[in-house]
Amino acid sequence: MGQFYGIFQDIKELNMGGITELGIYEGIFSNVYANMKNSAQELDYYIENAFCVGKSILEIACGDGGNYMIPMAKKGFEVDGIEISKSMISRFYEKQNRLSEKVKNRLNIYNADIFEYETEKQYDLITIPSTTICLLADDEVRTKNLFRKIYKWLKPGGRFMFDYRVDQSLTSEFISPIFSEVDKKMPYVMFMQEFNNIIVGRGIVNMYVETMENGEPKKYIASSNKKIITDSLVKNLLQEIDFQLHNTYMVEMKNAKVKLIVLEKEIEKNE
Ligand SMILES: C[S@@+](CC[C@H](N)C(=O)[O-])C[C@H]1O[C@@H](n2cnc3c(N)ncnc32)[C@H](O)[C@@H]1O
């Protein structure tokens with residue numbers, strides 16, 4: 001059960017007409033996610049770095065692939081994705097089926113928890129986009145082990161890119177305005193709000209959706225609870241791993257300011 005605040009808490013408590021709580025990437029919420037636009041600028045940075053290192057890419061926690069996997073496959077890259085949510089995997093297959101055979105064949109998705117996932121394959125570029133690191137950093141030891149695996153999965157000279165929010169304070173509370181969206185085709189109406197640092201160190205997003213299923217009105221609510229990532233946490237997570245810092249970019253989005261880090265696995269030197 002998630003944490004709900006403000007109007008979302010009221011809606012949940014009133015429970016008029018029955019409200020189902022889902023995971024924020026499950027069921028109707030995977031459709032809502034698919035409708036959200038990512039930053040074109042960030043996609044360009046991933047593409048630019050991919051062109052520098054090679055053809056093979058792994059996207060960790062790739063969602064439905066719509067934001068990065070598919071655009072990168074269209075540019076000619078071979079892209080694998082790992083995703084835990086079955087709803088996101090279904091959305092991915094729907095999108096993949098609409099692609100040309102050539103692009104389709106450059107894409108592979110695996111339904112797995114990245115902390116459990118193992119492979120012998122090595123990649124030129126590994127990414128964790130869309131500030132997803134905040135979902136993977138709750139347990140420091142587990143995250144450091146994930147970073148070690150990523151290092152192992154990279155070819156020498158390969159790059160690892162991930163991003164995190166830099167506009168969330170660890171010292172003050174912040175409640176965003178309510179954001180709303182209507183999709184007349186699906187159809188649904190969605191309300192969303194962010195509650196930062198009400199629980200210290202956590203960014204909580206509440207979402208509420210009303211939709212129609214088989215001619216019946218349906219109401220869903222979801223909450224995600226993410227760790228607020230700081231520069232010092234990132235420094236600590238990377239401390240024991242042999243990555244070289246290659247570059248950082250700052251990306252201004254509509255509702256967020258993001259730092260994108262590019263790390264490189266050094267090419268082994270022949271002494
Ligand atoms: C913010 S979305 C990003 C999706 C995609 N990378 C993008 O940029 O559009 C985060 C995704 O991480 C997935 N996820 C969360 N924890 C995971 C885990 N332990 N292993 C694999 N995927 C995970 C969620 O299901 C969700 O689809």
Side-chain angles (χ1 to χ4, degrees), residues 2 22-47 49-50 57-74 77 79-96 107-119 123 125-147 149-150 153 160-165 168 179 190 192 194 202-207 222-229 237 251 253-256 258 260-261:
L22 289 179
I24 207 136
Y25 301 112
E26 298 300 329
I28 183 74
F29 294 105
S30 68
N31 297 90
V32 173
Y33 187 83
N35 274 348
M36 287 182 180
K37 282 273 158 282
N38 65 318
S39 147
Q41 191 188 3
E42 217 173 322
L43 173 62
D44 285 347
Y45 290 140
Y46 290 113
I47 291 172
N49 279 272
I57 301 174
L58 173 67
E59 182 179 333
I60 290 173
C62 59
D64 65 6
N67 282 334
Y68 297 102
M69 284 181 79
I70 294 173
M72 293 186 90
K74 284 183 178 167
F77 297 102
V79 194
D80 290 353
I82 316 290
E83 172 55 47
I84 200 166
S85 152
K86 288 197 164 56
S87 305
M88 284 292 189
I89 300 266
S90 308
R91 298 283 90 76
F92 169 83
Y93 286 127
E94 284 164 21
K95 291 187 171 186
Q96 192 191 31
L107 288 159
N108 283 300
I109 198 164
Y110 304 97
N111 186 199
D113 179 343
I114 192 58
F115 293 111
E116 310 290 323
Y117 185 77
E118 276 301 344
T119 180
Y123 295 89
L125 177 69
I126 300 183
T127 65
I128 310 182
S130 302
T131 67
T132 303
I133 193 67
C134 62
L135 293 172
L136 306 174
D138 278 339
D139 176 335
E140 219 172 273
V141 174
R142 225 167 50 140
T143 313
K144 283 183 176 175
N145 283 338
L146 172 61
F147 281 5
K149 285 202 292 193
I150 291 170
W153 294 339
F160 169 40
M161 297 174 72
F162 70 97
D163 60 353
Y164 58 99
R165 298 265 300 266
Q168 292 171 307
F179 169 74
M190 177 277 278
M192 174 179 149
E194 201 177 58
R202 312 299 298 184
I204 295 184
V205 173
N206 286 174
M207 267 197 203
S223 169
S224 75
N225 180 336
K226 302 168 178 182
K227 193 176 180 78
I228 294 177
I229 306 292
L237 290 172
V251 185
M253 300 190 186
K254 208 170 84 190
N255 301 317
V258 162
L260 173 60
I261 306 243

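Order of appearance sets the numbers: ligands from 1, and atoms from 1 within every ligand.
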Under the criterion ring pair (Phe, Tyr, Trp, His ring centres under 6.0 Å), I'd like the reasoning laid out for Phe77 against Tyr46: C-alpha separation, chi angles, the key distance, then a yes or no.
CA-CA 11 Å; Phe77 297 102; Tyr46 290 113; over 10 Å; no

Dump the intermediate steps for side chain to side chain contact (heavy atoms under 4.5 Å, CB included) on Ile150 and Ile60, then the final yes or no.
CA-CA 10 Å; Ile150 291 170; Ile60 290 173; 3.6 Å; yes

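In this structure, Phe147 and Phe162 have tilted ring planes: the angle between them lies in the 30° to 60° band.
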Ligand-protein N/O pairs under 3.5 Å (ligand 1):
| unit_1 | atom_1 | unit_2 | atom_2 | d |
| --- | --- | --- | --- | --- |
| ligand 1 | 6 (N) | Glu59 | OE2 | 2.6 |
| ligand 1 | 6 (N) | Ala61 | O | 2.8 |
| ligand 1 | 8 (O) | Ser130 | OG | 2.5 |
| ligand 1 | 9 (O) | Tyr33 | OH | 3.0 |
| ligand 1 | 9 (O) | Asn67 | ND2 | 2.8 |
| ligand 1 | 19 (N) | Asp113 | OD1 | 2.9 |
| ligand 1 | 20 (N) | Ile114 | N | 2.9 |
| ligand 1 | 22 (N) | Ile84 | N | 3.2 |
| ligand 1 | 25 (O) | Glu83 | OE2 | 2.5 |
| ligand 1 | 27 (O) | Glu83 | OE1 | 2.9 |
| ligand 1 | 27 (O) | Glu83 | OE2 | 3.1 |

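Listed by first and then second residue, the salt bridge (charged side-chain N to carboxylate O under 4.0 Å, His left out) pairs that reach into residues 81-94 are Arg91-Glu94, sequence neighbours excluded.
Annotation: side chain to side chain contact (heavy atoms under 4.5 Å, CB included) contacts of Lys144 (sequence neighbours excluded): Glu140, Arg148, Asn236, Leu237, Glu240. Judged as a salt bridge (charged side-chain N to carboxylate O under 4.0 Å, His left out), and not counting sequence neighbours, the contacts of Asp138 are Arg202.
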